[in-house]
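As the structure lists them, so they are numbered: ligands from 1, and atoms in each ligand from 1. Computed from a prediction, not measured in an experiment: that's the story for all the values here. Residues take their numbers from the sequence shown, with the count starting at 1.
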Amino acid sequence: MSDKKAEYKTYHHPAGGWGAAAATAKVLLEQSVVTKGSRALLAMNQPGGFKCPSCAFPDADCKKTLEFCENGAKALAHEATKFRVTRDFFSKHTVSELMEQSDYWLEMQGRLTEPMRYDAATDKYVPCDWDTAFATIGKHLRSLESPHQAEFYTSGRTPNEAAFLYAIFIRAFGTNNFPDCSNMCHEPTSRGLPPAIGVGKGTVILEDFEHAEAIFVIGQNTGTNSPRMMTNLVEARKRGVPIVAVNPMPERALIRFTEPQDMIQMATFGSTPIASEFVHMKIGGDLAFLKGIMRVMFEREAKGETILDHEFIAKHTVGLDAIRDEVMTHDWPELVKASGLDEDQIRRCAEIYIRSRATMICYGMGLTQHQDGSRLLQQVANLLLLKGNFGKPGAGISPIRGHSNVQGDRTVGIDEKPTQEYLDQVRDVFGFEPPREHGHHTVESVEAMENGTAKVFIGMGGNFVRAIPDTERSYAAMSKLALTVGITTKLNRGHLVHGKEALILPVIARSEWIRTSAGEQFVTIEDSMSNVTASRGVLTPASEHLKPEVEIVCRMAMATLPDSKIPWASYIEDYNLIRDKIAAVYPEIYTDFNEKIKNPKGFHLDVPPRRLVWPTPNGKANFLLLPGLEVNAPVADPAMLRLATVRSHDQFNTTIYSYNDRYRGVYNDRMVLFMNEDDRKERNLEAGARVSLETITEDGVQRRVDGLTVLDYPMPRGSVAGYYPELNPLLPLEYYDKISGTPAAKSIPVRVLAA
Ligand SMILES: Nc1nc2c(c(=O)[nH]1)N[C@H]1C(S)=C(S)[C@@H](COP(=O)(O)OP(=O)(O)OC[C@H]3O[C@@H](n4cnc5c(=O)[nH]c(N)nc54)[C@H](O)[C@@H]3O)O[C@H]1N2
Ligand SMILES: Nc1nc2c(c(=O)[nH]1)N[C@H]1C(S)=C(S)[C@@H](COP(=O)(O)OP(=O)(O)OC[C@H]3O[C@@H](n4cnc5c(=O)[nH]c(N)nc54)[C@H](O)[C@@H]3O)O[C@H]1N2
Ligand SMILES: [Mo]
């Protein structure tokens, strides 16, 4: 809880603008990094500098000198902070005491400075040298009965070089247990899109924004979670491009935005309206909305108009008739009811889509985090295919990825279901036979901890226990482990919910330099639009005892696999050697990696649908069916509300920068429930009432969060929202998309209990 008085007031200004400029200055000041931080900001996303540690949106073509945003500045300020968590700090607090502190407090303590190990006798973390730490990991892993008893988590800040070697190490060790932050995020993209278009990635690049004739932004809070994309939306809007925003929350930046880097707009307090059509849809109504648009197209075709791109469909696709038949089974009253929209608005959006000769559909967690998230994305692909919106400038599908390198990690091997081609390449390049059976995704790894099969958890970045569903259960599962290891920059809950033995291994951060005997090293990052660039830190590491992630991976491998023929020690010194191996394992996309990466703007990995090539089993793009209009299991309880767990403007996932959420008008509080006024009145609640939320499930487990303040907010009837991770205790572990394993964090069935 914040120690300041909570305040709730409507935010009337455009997003961005002076509010963003002030927030940037404030966070630099708070973390006491004004000069250091400002210097680093100038190097962020510049050729020769480092990639922003925040989101995965690409940086523009180096046109602007300050290629960062308010939330990038927050991420950097918190990384470059002057505060430190030292051995002194740990000697003053037991782990049980630290457990009582908030996530915000833990974050504010600063950067970790040296390796620590858990001492059960004192319930404290105590210093531990690096050699002992690696020996402990090696000892535990070698003593397992089976390599499948270990779970190796990756969070998406990990750069390509470290992720690639981590994948090789773990496969040489003998398992494909790769739970990954992507499993909670854009995994429906990675699993849902390949059967449809042959790749599990986006098909647009940044330049496409300049050619699009319509842009849809569905289930994504652009102004907060990928603010650099606002520049592209503003530019498109100024060109008169219609923008359709589809969201149960009227996110401020999608309505009106002032470019903080536009001097004239700033000076004149001007702003640009963003959404030409704001589609205020109920949670999970997307399927009905998409089908409604398709229905308009089919209706008009039936009347003799030419609406579809018949040439494209005939040449490139399979399955049109089945899709048409399925869509036409839903009449308008049904579509209206399931989406919560009126028919006119769906028709207007269809008109925008039909008129545009090149449409981009961008989306985020509002589409992926449902029980049928993967198949819902296939419907997005269907809509695009109907008008041939692939392989031409300004058109395509655009998942807006989360972590800065989450897409890259997946490309270089972090995958619990690796392809046979990749495994063959690993065998041929590294000379060992990798395991072929599928490993655990995130949810399965928690189940393995719960049932006692898993003994060791290693987290390469991230904050696993706070990110996963069913908090109480997950804490209990993690506590059963023999060893937990957190390879991280900052103190977080993941270090406090620990196994019998536990290690904290502090790493050099993105903004800091890496120097080895072979000179200064750089790493590489793949952004949301498949562009790979170098990232070179400019700041002095937070402590002399930190190690780069690459070295930590190599030394874990050396300690675990003493007979390994792989030259781990050489990779620690020279990252070019790692990139040569990436090129060898992925000749189709990474040939001449070390040459190509010399281009300061990086290079694009090939995405075949851009060339109208479909790497699906039948070599075509496929229209795929998702019958019905619901993307989550129905719940009979008439009092049920659907709860979306979302991010505030002042957090990065589990990292809480402050208790404010400026654009939604919430100050000094995160325990709030955004609710439609009529839903509140129907429950006889006063505005500002204290309530509890309880999950509606049939598994007999009570999941409840108390102490939430009800806020009247323009939510559609039946839809409520609150903050992640505070509301994760409500999300049942089993409540996930079966194709991708992604928890349905946007559609938890809950009831409200008056306090
Ligand atoms: N500053 C900052 N940047 C970030 C992050 C961060 O925490 N902070 N996180 C990073 C990561 S890992 C990710 S994955 C991305 C996340 O970025 P987003 O995808 O924007 O994530 P969320 O805040 O979870 O919410 C997405 C939006 O979905 C809407 N929504 C909820 N339910 C539905 C629904 O049923 N349908 C539709 N259409 N919309 C719905 C919500 O109202 C919200 O506006 O951002 C990345 N960038
Ligand atoms: N209910 C609910 N749950 C969700 C979501 C939701 O919308 N709702 N979103 C899901 C999504 S999209 C995601 S991606 C996951 C996020 O899950 P994670 O990726 O596991 O979580 P983060 O909060 O991003 O991890 C933050 C920690 O990473 C460490 N760190 C930061 N920078 C570095 C670095 O450079 N190197 C290393 N090694 N460590 C570093 C720091 O110690 C920091 O405390 O959460 C998921 N969980
Ligand atoms: Mo994410």
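Atoms of ligand 2 found under 4.0 Å from any heavy atom of Gly461 (numbered from 1 in listed order, with element): 37 (C), 38 (N), 39 (N). The contact set between ligand 2 and Tyr153, taken as ligand atoms under 4.0 Å from a residue heavy atom, comprises 17 (O), 18 (P), 19 (O), 20 (O). Of all atoms in ligand 2, listed by their number and element, those nearer than 4.0 Å to a heavy atom of Val507 are 36 (N), 37 (C), 38 (N).
Looking at every heavy atom in both residues, Ser182 comes nearest to Thr742 through O-OG1, 4.5 Å. Contact between Pro506 and Glu114 at its shortest, heavy atoms only, is CG-C, 3.4 Å. Here the closest non-hydrogen pair linking Val446 and Ser474 is CG1-OG, 4.1 Å. For the pair Arg510 and Glu79, the tightest heavy-atom approach, listed with the atom from each and the gap, is N-OE2, 3.3 Å. Nearest heavy atom pair, residue Ser102 against residue Arg493, reads C-NH2, 3.5 Å.
Distances between N or O atoms of Glu549 and those of ligand 2 include at least one value under 3.5 Å. Residue contacts with ligand 2: Ile487 is placed with a nitrogen or oxygen under 3.5 Å of a nitrogen or oxygen of the ligand (distance criterion only). At under 3.5 Å, a nitrogen or oxygen of Asn492, whether backbone or side chain, sits near a nitrogen or oxygen of ligand 2. Looking at His495 next to ligand 2, no N or O pair under 3.5 Å apart turns up.
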Going through the distances and angles, do Glu734 and Arg473 end up as a salt bridge (Lys or Arg N to Asp or Glu O under 4.0 Å)?
CA-CA 12 Å; Glu734 288 78 16; Arg473 222 171 123 184; 2.8 Å; yes
In sequence, state the C-alpha distance, the side-chain angles, and the governing distance for Thr224 and Arg647, and then conclude on side-chain hydrogen bond (donor to acceptor under 3.5 Å, both in side chains).
CA-CA 8 Å; Thr224 289; Arg647 293 154 171 79; over 6 Å; no
Check the pair Ser528, His186 against side-chain hydrogen bond (donor to acceptor under 3.5 Å, both in side chains), reporting the backbone distance first and the verdict last.
CA-CA 11 Å; Ser528 207; His186 262 292; over 6 Å; no
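Contact residues of ligand 1 (protein heavy atom closer than 4.0 angstrom to a ligand atom; sorted by chain and number): Cys55, Asn71, Cys185, Ile218, Gly219, Gln220, Asn221, Thr224, Asn225, Val246, Asn247, Pro248, Met249, Glu251, Met281, Ile283, Gly284, Asp286, Gly364, Met365, Gly366, His370, Gly402, His403, Ala644, Val646, Arg647, Gln651, Phe652, Asn653, Lys746.
Residue-level proximity to ligand 2 for Thr488 is carried by backbone and side chain together, each with a heavy atom below 4.0 angstrom.
The structure places CG of Leu491 at 5.5 Å from CG of Leu496, a figure rounded to the nearest 0.5 Å.
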Please list, one pair per line, the donor and acceptor atoms closer than 3.5 Å that link side chains of residues 457-465 to other protein atoms, with sequence neighbours excluded.
residue	atom	partner	partner atom	Å
Asn463	OD1	Gly494	N	3.2
Asn463	ND2	Thr654	OG1	2.9

